[in-house]
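Inspection log for the structure reproduced underneath, given as structure tokens.
Nothing fancy with the numbering, it's 1 onward along the sequence.
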Amino acid sequence: MRVARDLHRTFRDGVSLVELADLRDPELLAATIGAGLGLRDQSVRWSADTLVDHIRDKTMLIVLDNCEHLTGACAALVDSLLRYCTELRVLATSREPLELAGESVFSVPALPVPDPDARIVPAQLIQYDGVNFFLDRADAALPGFTITEENHSAVARLCHRLDGLPLAMELAAVRLRVLSVDEVLSRLDDRFRLLGAGNRNVAERQQTLRSCMDWSFDLCTPAEQRMWRRLTVFHGSFDLDAVEQICADDDLPGHEIFDVVAGLVGKSILQRESASVPTSFRMLETVRQYGQTKLREAAEEDVFRRRHQRWHLDLVEQLADDWISPRQAEWLARLRRNHANLRAALEFCATSAGEAVVGLRLIIGSEPYWEVFGLLPEARHWLGRLLELVQPSVPERSRALRLDAWFAMMQGDFEAAEIGLDLAEKLAAELDDPLATAYVQQTAGMLDALRGGELTGISLLAEALDRFRVAHDTAGEVSTLLLLGMTAEFAGAKEEAVDWLDRCLAITESKGEAHWRAYALWMLGIHELWDGRPVRAGELEAQVLTDSREADLAAVARAVEGLGFVAARQHQFDRSAMLLGAADRIFDEIGVSTAALPALQAYRSEVEASLRMAMGERNFRSRYEKGRVLPRNEALDLANADGPVRVAAEPVAIGCRTALTARELEIAELVADGRSNRDIANDLVISRRTAEGHVERILSKLGFSNRAQIAAWVTERRVQN
């Protein structure tokens, strides 16, 4: 209507609106258009030819509103009119195209609505047309309604849940006469009952949301109706391959799937996600919930939800078999696209009798996915629900308990990890499951190491490594090699650490594996940094970012933090503080605790203390917070860039708890030259006790335990300078 008004002056003979929604007989189409054009000749039997005779020489626009239930008749008539009336233009609204040559299709999207999880203040909500529409209709239903600090979050969530659909929001606004926004929101799971009677002076199909959906459903062919209801087992996006595998049967053969899906896209029941590769589709939640009621009415819900679950089990088991390969990124991207569907499959397992074991297999098979994207809290949520439902002796229980312990350890919850490991170990022994035992030993070894028992940890990890090799479990082997390298590095066994990490790299590079390779490069970068080679450390950490930027957020977070350490060593204080802030934001996003690696956390504390000393508390906090709010892409660009060098006003030991005084620096230089306390006292003409006091303070400030560490630190400063 707005387009027609704006173009009115363009057409010498005007603009005419023809409403078709209430027309059922296609034989009356020509007469209805004639009436809409103001042609009242009762002696004429209206047809395409008689309409052409009346408007052949006219310059005009005809708006045909709601053609979807008469698409064939509308297409034939419009084709005839345009063929012979050269100055005629037709603007048609329909739920599917007329499929005519020369037709330009403009898909009308739902109204923009905010992301309910984004931090938005009330004043920002009016930037969204969907919210403005809802406010307009809410004010009409409940005069004076407006956005407040108390209700703005609920308004944002309500508009989002209603998909930005004007009819749905209008019907919801009517309910504000008796319910608060929060109460409307809480009742949306039964939206077709809630969003009932609307205005009596609109078409019947627009008086309730169900009537609107019924109208669309009745316009579909039987095959399209069958597909609509079956597709509701999907959540979020899905691709054609999944549809063909899950939805096809004797009533809907596989060779017909493509055409039926295309029909639903044409009727605006399905929406194609244009930017995705491979092509994927999704349903608006309102459309999906309507179809779900039809699936229940057809007594097909359990059948197709189980087929959906089994298809996703096959998917994650393929990932597990193919994980140590060049296809890692492809598998991760596929699971990322299917996250909502994986969640739906797990919900089915948790709520259907006898399916909990399948749910555990889903989680175990997709272990790398939860790790890489830092979805540990959700993974542990599902493990907790499913473990309560399975029998105590099933093999999957031992592996699930071990996995939950592993995730707990990554979150820094060592107590929960130990409890779960004890249960997993006993069950693995009862079942005589050597591979489950190997994974228990691997996790127990790393847990011991993180709690200060590096030697015990290395022993357990080495035993697990032998078991993985016997079982030909390459994923277990490379992950254990990495853990051995990390543990050795944290224990100060640097040569052994490099050997383990190099062996991990050799296998991963030969297999085209990326995840564990990224962690091995990251750990080698930390080794190089601690061994006094910050430039080489920076190169290794930057390589991790290059390889993992889009695929492995956990590795990215570690590498950004590592580059923050490198920047501190190179006196790039501002850049270092910003990178540490950016790393913490990613850690928070993925639910990984920096406290999970105590040795690294202790070093992090030393670096931050040194930065505060060099920059001042206010400047450090300002740069750190600036890094925390950087969008991820900008943070990664900063990490890969060469930051400006800023030298502190006084010498600062970066990576130390505090700065050394000029006298302490002088004494540190003498220690590095191999001078004893007696020699230092003689050289500086001070008492031996004073010299000893200076050395003790240097050790304390630097966090060192012996003179050799002071010497190594001084040597590193000399190289840098």
(message) So, applying salt bridge (charged side-chain N to carboxylate O under 4.0 Å, His left out) with Glu477, which one of Lys511, Arg469, Arg503 is it?
(response) Arg469
(request) Evaluate the criterion side-chain contact (heavy atoms from CB on, under 4.5 Å) for residue pair Arg467 and Leu435; output intermediate values, then yes/no. (result) CA-CA 7 Å; Arg467 289 181 181 272; Leu435 194 56; over 6 Å; no
(message) Using side-chain heavy atoms (C-beta onward) and a distance below 4.5 Å, is Asp322 in contact with Ser325?
(response) yes
(message) Tell me whether Glu539 is salt-bridged to Arg533, with the criterion being a basic N under 4.0 Å from an acidic carboxylate O.
(response) no
(message) Closer than 3.5 angstrom, by distance alone: can the side chain of Asn338 be matched with the main-chain N or O of Arg334 as a donor-acceptor pair?
(response) yes
(message) Just so I know, are the side chains of Ser479 and Gln442 near enough to count as touching, which here means a heavy-atom distance under 4.5 Å?
(response) yes
(request) Give a yes or no on whether a salt bridge exists between Lys626 and Asp574, defined as a side-chain N under 4.0 angstrom from a carboxylate O. (result) no
(request) Grab the two heavy atoms, one from Val607 and one from Ala568, that are nearest each other, plus how far apart they are. (result) CG1-CB, 3.8 Å
(request) Quick one: pull up OG in Ser366 and CZ in Arg361 and give me the separation to the nearest 0.5 Å. (result) 12.5 Å
(request) Take Val358 and Leu313 through the test side-chain contact (heavy atoms from CB on, under 4.5 Å) and record every step on the way to the result. (result) CA-CA 8 Å; Val358 177; Leu313 177 62; 3.8 Å; yes
(request) Applying salt bridge (Lys or Arg N to Asp or Glu O under 4.0 Å), run through Arg399 and Glu367 and close with a yes or a no. (result) CA-CA 11 Å; Arg399 300 191 181 196; Glu367 174 183 348; over 6 Å; no
(message) For Leu455, is there any backbone N or O sitting under 3.5 Å from a side-chain donor or acceptor partner on Ser459?
(response) no
(request) Of all the heavy-atom pairs spanning Ala668 and Ile698, show the shortest one and how long it is. (result) N-CD1, 3.9 Å
(request) Tell me yes or no: between the side chains of Asp584 and Tyr624, is some donor less than 3.5 Å from an acceptor? (result) yes
(message) Less than 4.0 angstrom from a charged side-chain N to a carboxylate O is my criterion; do Glu541 and Arg536 meet it?
(response) no
(message) Closer than 4.0 angstrom, basic N to acidic O: yes or no for Glu330 and Arg327?
(response) yes
(message) Determine whether a donor-acceptor pair (N or O, by modelled atom type, separation under 3.5 Å) exists between the side chain of Ser576 and the backbone of Gln572.
(response) no
(message) If you compare all heavy atoms of Ala567 against all heavy atoms of Arg575, which two are closest, and at what distance to 0.1 Å?
(response) CB-NH1, 3.9 Å
(request) Could you label the plane-to-plane angle of the His571 and Phe573 rings as parallel, tilted or perpendicular, counting under 30° as parallel and over 60° as perpendicular? (result) tilted
Taking only distance into account, with no hydrogens and no angle test, what donor-acceptor pairs under 3.5 Å do side-chain atoms of residues 371-391 form with protein atoms, sequence neighbours excluded?
unit_1	atom_1	unit_2	atom_2	d
Glu371	OE2	Trp406	NE1	3.0
Glu378	OE1	His339	NE2	3.2
Glu378	OE1	Arg343	NH2	2.9
Glu378	OE2	Arg343	NE	2.9
Glu378	OE2	Arg343	NH2	3.4
Glu378	OE2	Trp382	NE1	3.1
Arg380	NE	Asp404	OD1	3.1
Arg380	NH1	Gln411	OE1	2.9
Arg385	NH1	Glu347	OE1	3.1

(message) Side chains of Leu401 and Arg397, heavy atoms from C-beta outward: is any pair under 4.5 Å?
(response) yes
(message) Within the 3.5 Å criterion, strictly below it, is a donor on Thr487 or Glu454 matched to an acceptor on the partner's side chain?
(response) no
(request) Supply the atom-to-atom distance Leu447 CG to Glu415 CD, rounded to the nearest 0.5 angstrom. (result) 11.0 Å
(request) Would you please indicate yes or no on a ring centroid separation below 6.0 angstrom for Tyr439 and Phe468? (result) yes
(message) Under a 3.5 Å threshold, yes or no: a donor from one side chain and an acceptor from the other, between Thr437 and Glu425?
(response) no
(request) Classify the ring geometry between His515 and Tyr519 as parallel (under 30°), tilted (30 to 60°) or perpendicular (over 60°). (result) perpendicular
(request) Would you indicate whether the side-chain heavy atoms of Ser398 and Asp433 approach each other to under 4.5 Å? (result) no
(request) Can you measure from CZ (Arg517) to SG (Cys504) and round to the nearest 0.5 angstrom? (result) 10.5 Å
(message) Could you tell me if the side chain of Phe587 sits less than 4.5 Å from the side chain of Arg558, heavy atoms only?
(response) yes
(request) Answer whether the closest heavy-atom distance between the side chains of Gln309 and Leu346 falls below 4.5 Å. (result) no
(request) Apply side-chain contact (heavy atoms from CB on, under 4.5 Å) to the pair Trp522 and Leu501, showing each step before the final yes or no. (result) CA-CA 10 Å; Trp522 161 72; Leu501 295 172; over 6 Å; no
(message) Taking the ring centre of each residue, are Phe348 and His308 less than 6.0 Å apart?
(response) no
(request) Looking only at non-hydrogen atoms, find the nearest pair between Ala405 and Leu421 and report the distance. (result) CB-CG, 3.8 Å
(message) Distance check, rounded to the nearest 0.5 Å: Leu545 atom CG versus Leu540 atom CG?
(response) 11.5 Å
(request) Measure from the side-chain N and O atoms of Glu396 to the backbone N and O of Leu360, and report whether any donor-acceptor pair falls under 3.5 Å. (result) no
(message) Applying salt bridge (Lys or Arg N to Asp or Glu O under 4.0 Å) to Arg628 and Asp588, what does each step give before you reach the verdict?
(response) CA-CA 10 Å; Arg628 277 195 69 94; Asp588 288 346; 2.5 Å; yes
(request) Please check if the distance between the ring centroids of Tyr603 and Trp530 is under 6.0 Å. (result) yes
(request) Report yes if the side chains of Val498 and His527 come closer than 4.5 Å at any heavy-atom pair, otherwise no. (result) yes
(message) With a 3.5 Å distance limit and no angle check, can you tell me whether Glu561 reaches the backbone of Ala583 through a side-chain donor-acceptor pair?
(response) no
(request) Would you tell me whether His235 and Asn341 have side-chain atoms, one donor and one acceptor, within less than 3.5 Å of each other? (result) no
(message) Return the CG to CD distance between Leu315 and Gln245, rounded to the nearest 0.5 Å.
(response) 11.5 Å
(request) Any chance you could lay out the side-chain contact (heavy atoms from CB on, under 4.5 Å) test for Arg336 and Leu332, step after step, and finish with the verdict? (result) CA-CA 6 Å; Arg336 191 63 167 167; Leu332 289 171; over 6 Å; no
(message) Please find the pair of heavy atoms, one from Ala400 and one from Ile364, that lie closest to each other, and give the distance.
(response) N-CD1, 3.9 Å
(message) Atom NZ of residue position Lys426 - does it have more than 12 heavy atoms of other residues, nucleotides or ligands inside 6.0 Å?
(response) no
(message) Any donor-acceptor pair under 3.5 Å linking the side-chain atoms of Asp314 with those of Gln318?
(response) no
(message) Please give me the minimum heavy-atom distance between Leu484 and Ala462, naming the atom from each residue.
(response) CD2-N, 4.0 Å
(request) Go through the side-chain N and O atoms of Thr443 and Arg402 and say whether any donor and acceptor fall under 3.5 Å apart. (result) yes
(message) For Val629, is there any backbone N or O sitting under 3.5 Å from a side-chain donor or acceptor partner on Glu625?
(response) no
(request) Please tell me if the side chains of His312 and Val316 come closer than 4.5 Å, counting only heavy atoms from C-beta onward. (result) no
(message) To the closest 0.5 Å, what do you measure between CG (Leu630) and CG (Leu636)?
(response) 10.0 Å
